[in-house]
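Here is how names work: the chains are called A, B, and so on, in the same order as the sequence lines, proteins then strands, and each is numbered from 1. Side chains are part of it too, since the values below use all heavy atoms of this structure and drop only hydrogens, waters and symmetry mates.
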Amino acid sequence: MARDRLKALEERTRYDPHEVEGLVFARWEEAGIFHPEPEESADENYSIALPPPNVTGALHMGHALNGSVQDACVRLARMRGRRTKWIFGTDHAGIATQVKVEEALAAEGKTKEDLGREEFVKRVWRWREEHGSRINDQYKRLGASLDYADERFTMDDDYVRAVMHVFVQLFEKGLVYRDNYMVNWDPGTRSAISDLEVVQRKVEDTLYLIEYPLESGSGSVTVATVRPETMLADTAIAVNPSDERYSRLIGEAAILPLVGRRLKVIADEYVDPEFGTGALKITPGHDPNDFEIGREKGLEEVTVIGEDGRITEAAPERFQGLAVDEARRAVVAALREEGLISGTQPYVHDVPHSQRSGRRIEPLISLQWFCDMTELARPAIEVVEKGRIRFHPESPWTDVYLRWLREIRPWCISRQLWWGHQIPAWYRADELYVGERPPDGDGWERDPDVLDTWFSSALWPFATLGWPGDTAEMRAFYPTDVLSTARDIIFLWVARMVMFGIEFTREIPFSDVPIHSVIQSPEGKRMSKSLGTGIDPLDEIESHGADALRFGLLAMASTQDVRYSAQRVKQGEDLANKLWNASRLILLGASEDRAPSAATAETVEDRWILSRLEHTTREVTELLDGFNFSPAALRLYEVFWSELCDWYLELAKPRLYSENNTAVSGVLLHALQRSLVLLHPVLPFVTEEIWSFLPGERGLLAIAQWPEPNDGLIDAQAEKQLGRVIDAVTELRSYRDAVGAKASAQIPARLLADGYDEASRGQIARLARFEFVADERADGDVLATLPIPGGAVQVLPSDAFDPQEGERKLAAKREQLRGEIERGERKLAIKGFVEKAPPEVVEEERRKLEEFRRALERLGR
RNA sequence: GGGCGCGUAGCUCAGUGGGAGAGCGCUCGCCUCACACGCGAGAGGUCGCUGGUUCGAACCCAGCCGCGCCCACCA
């Protein structure tokens, strides 16, 4: 049967991912190897929690890279025999999902208010049922070995219970509280948002200079503002205490124009005398700084801009109901009329905007839920300082993380949305009840707000495993091992998981945090669908194969942002094809009865390739363990392509095609098997497919054993010996190319060098297409003497090429050698170098100089 | 305003103190019985600029010029 399958290989000269990927994935799923039973302890087992994609989402390049990274880790662990779980699930993604469903409603001409809250939430669930499985299929296309059989969602009943539990616990501890406080109000989503959801954008504004008449009637104070409409809520004027221009005014009062309120002039260090006029209008209701000064000084807080973005009744009647920008024009006009605007100037500055809606943030005082983070941050700082959680690379992410946590501020966790975890707080008159279950009695009304999505995300590594229950899953897979992500959510998510993980499970949620590149568009822009700069990973899988995309992403990614490189993906595609064809050569040529495990070296090149494979095994294992995916992928490419295919396979062919090919078959099959194993975490599909053609009974490659490097096969002598053969062949090929010898012509020559046995001579001759003849002609006939390790090759006359060309090539070679010799001599003549450089460096320099001198000698002149 | 990072071959990027590397692209020669998504041989770089440390600098230090990111309450 295996033979019949092999037969079919003869026809398939190209690797076709389409034929293979779907079937291979089905084999993995049928075998159930992605779903581990919850047994043993987390120490023995291995787990990673996938950063949950949005239910609304489609796989983008970031997912594809992060998926490739995690899958490499997970597959490596699984092959090491660890019970391995890659936790799969999706995030309800409050705002993003709500907006999406609202858009769908809008297409029907409806708003969410038309449906009402309950109906709207039902609608979102229905939306999720229809679209939620798309992302699963996309991860499967990538080859991700996630535990699809045990999928989680942040709105599952169990998960909701965990979120409620956490909220209540934090409330009871006094860390979660409700307060009237300055928040970032997003007029777009009509919700408060956290500091992390705010982005600064440069905006061109006008700075207005406004005269505030003094109560005493002795003139006025001039203040500067870019938001004249907020003057309606001014409750003080502040100057710097050391500012002599104003010291006489401190304690006096001014009259707020248009409103008539009496404003005390106060002193505060915060005011910069250099900026504007040095006098600052204080608006505690609409400016974060003023808010803090106001709370400190006990100033009145007036709110003139409401959550609907319109002027409130706290303002004079003529402005009430106006939108903010209308109000600004009206206020400026009114002030102008009274001659109170003494100047304007253009002013460019950073202004906070909502990352979600893009609208300008309206800072205002609002009754919201907050979480005090200081106490939670302390242990989260400590575990990273002590190295119990390590970022990879350590610099700069460790410092970035620590700096943020050390200056952490309260987190506004309530959102004025309908889709999400509704806050478990109930109100009745002045009473407040917070609990996991609704309160007894009548008349209670539940807080309509939901929690920030990141609040529930912070529980992901343990709430997915059944916490707060004491489950077998928790025991088997928590703490997890690795958390892989790009840097953009280190604060939003990683730090919060660490804080909540330690607080609620008394364990760190993971121990290693590899931070990978952000992939930009080929033009260096952000990859974004709306900008049209996105490249769809599924398109890439479709046209190049999942293995190609995975290799490409891992190879191009490093620690800094990189531009998407189609060439790297192409390189991966070529590698898959190369692997396929090298396998055809080996599988179709090897003698039937050899098992790959029975490799016995017969020749120097056998010992060489076995040795190289052990080196590579050690190297690649170390690179992967250190989360250095790009060097690992490129190293595998190089070893497989150059060393195995270009050299070993070419050297092995004569023996493979001969009668007695048993020994070489064993080595070839071993080399192929080892290559497949090492490449599998990067190229799972093509390696699994080829694996199924290897002779003998074997299970799936995905659960085959990852090798321990065998130092017994390291053979420095064979490596040195074959290195000489390779150098000699390269030297002779270069010569024949330079002199324009016909590709098919054999060049007669004498090999005069030590350390080459009969087999080596034959190999050099065959690979360089030289014909080494016995010593029968006089030296005068020699056209050229080519230095090779341990001696030289004398080229004899023939009609293979024009000798003139040969002479030119030799002249160039001599020139090059003279340059090298001169360089070496100059270096060794420097006293400081010989005296201060390490002896082995000096020795190496002398050795090379000698070698160059000998080579030049052989070339003549 | 503070912090971090980047500037290396035409392009995209590796390389952290002892003779400049990869993939793609380019040039030349090959359909050599695994692969033309291939094989062989090449060309191509004052490693942003200026100083400094060192016997020796792409690599360490300082300054400058460009580009990017993160954090931050100067109206």
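Between the side chain of A:K578 and the base of B:rC35 there is at least one donor-acceptor pair of N/O atoms closer than 3.5 Å. Looking at A:R568, its side chain comes within 3.5 Å of the base of B:rA22 through a donor and an acceptor atom. A donor N or O paired with an acceptor N or O is not found under 3.5 Å between the base of B:rG68 and the side-chain atoms of A:Q560. The base of B:rG19 is paired with the side chain of A:K848 by a donor and an acceptor separated by under 3.5 Å. Scanning atom types as modelled, no donor and acceptor separated by under 3.5 angstrom connect the side chain of A:D737 and the base of B:rG29. For A:D272 against B:rA75, a side-chain-to-base donor-acceptor contact under 3.5 Å is absent. The base of B:rG19 sits within donor-acceptor range of the side chain of A:R823, with an N or O pair under 3.5 Å.
Nearest nucleotide to the side chain of A:K827, out of B:rG18, B:rG23, B:rC4: B:rG18. The listed nucleotides are B:rC39, B:rC55, B:rA34; the one nearest the side chain of A:D646 is B:rC39. If you check B:rG19, B:rG38, B:rA34 against the side chain of A:L649, the one that comes closest is B:rA34. Residue A:E820 places its side chain closer to B:rG19 than to any other of B:rG18, B:rC13, B:rG19. When distances run from any side-chain atom of A:R733 to the nucleotides B:rG40, B:rC4, B:rC30, the shortest one goes to B:rG40.
The residue A:R487 sits close only to the backbone: its heavy atoms come under 4.0 Å of sugar-phosphate atoms, none of a base. At the heavy-atom level, A:P838 lies under 4.0 Å from base atoms of the strands shown.
B:rA43 and B:rC24: their C1' atoms are spaced 16 Å apart (whole Å). For B:rA57 and B:rG48, the P atoms lie 15 Å apart once the distance is rounded to whole Å. With P as the reference atom, B:rU8 and B:rA58 are 15 Å apart, rounded to whole Å. To the nearest whole angstrom, the two P atoms, one in B:rC6 and one in B:rA14, are 9 Å apart. Straight-line distance between the P atoms of B:rG52 and B:rU12: roughly 33 Å, to the nearest whole Å. Across the C1' atoms, B:rG45 and B:rG21 are found 11 Å apart, a figure rounded to whole Å.
Toward the 5' end of RNA chain B, the nearer of the two residues A:D574 and A:A741, judged by each one's closest nucleotide, is A:A741.
The residue from A:V183, A:I305, A:N184 that alone fulfils the side chain to side chain contact (heavy atoms under 4.5 Å, CB included) condition with A:E362 is A:I305.
One finds no salt bridge joining A:R295 and A:E292 here, because no Lys/Arg side-chain nitrogen approaches an Asp/Glu carboxylate oxygen to under 4.0 Å. A salt bridge between A:E650 and A:R766 is absent, with no side-chain N of the basic residue lying under 4.0 Å from a carboxylate O of the acidic one. Checked for salt-bridge contact, A:R853 and A:E825 meet the test: a charged N lies under 4.0 Å from a carboxylate O. Between A:R403 and A:E407 there is no salt bridge, since no side-chain N of the basic residue sits under 4.0 Å from a carboxylate O of the acidic one.
Here B:rC67 sits opposite B:rG5 as a Watson-Crick or G-U wobble pair (both hydrogen-bonding atom distances under 3.5 Å).
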(request) Kindly indicate, with the supporting measurements, whether the criterion salt bridge (charged side-chain N to carboxylate O under 4.0 Å, His left out) is fulfilled by A:D268 and A:K297. (result) CA-CA 10 Å; A:D268 197 292; A:K297 298 274 186 346; 2.8 Å; yes
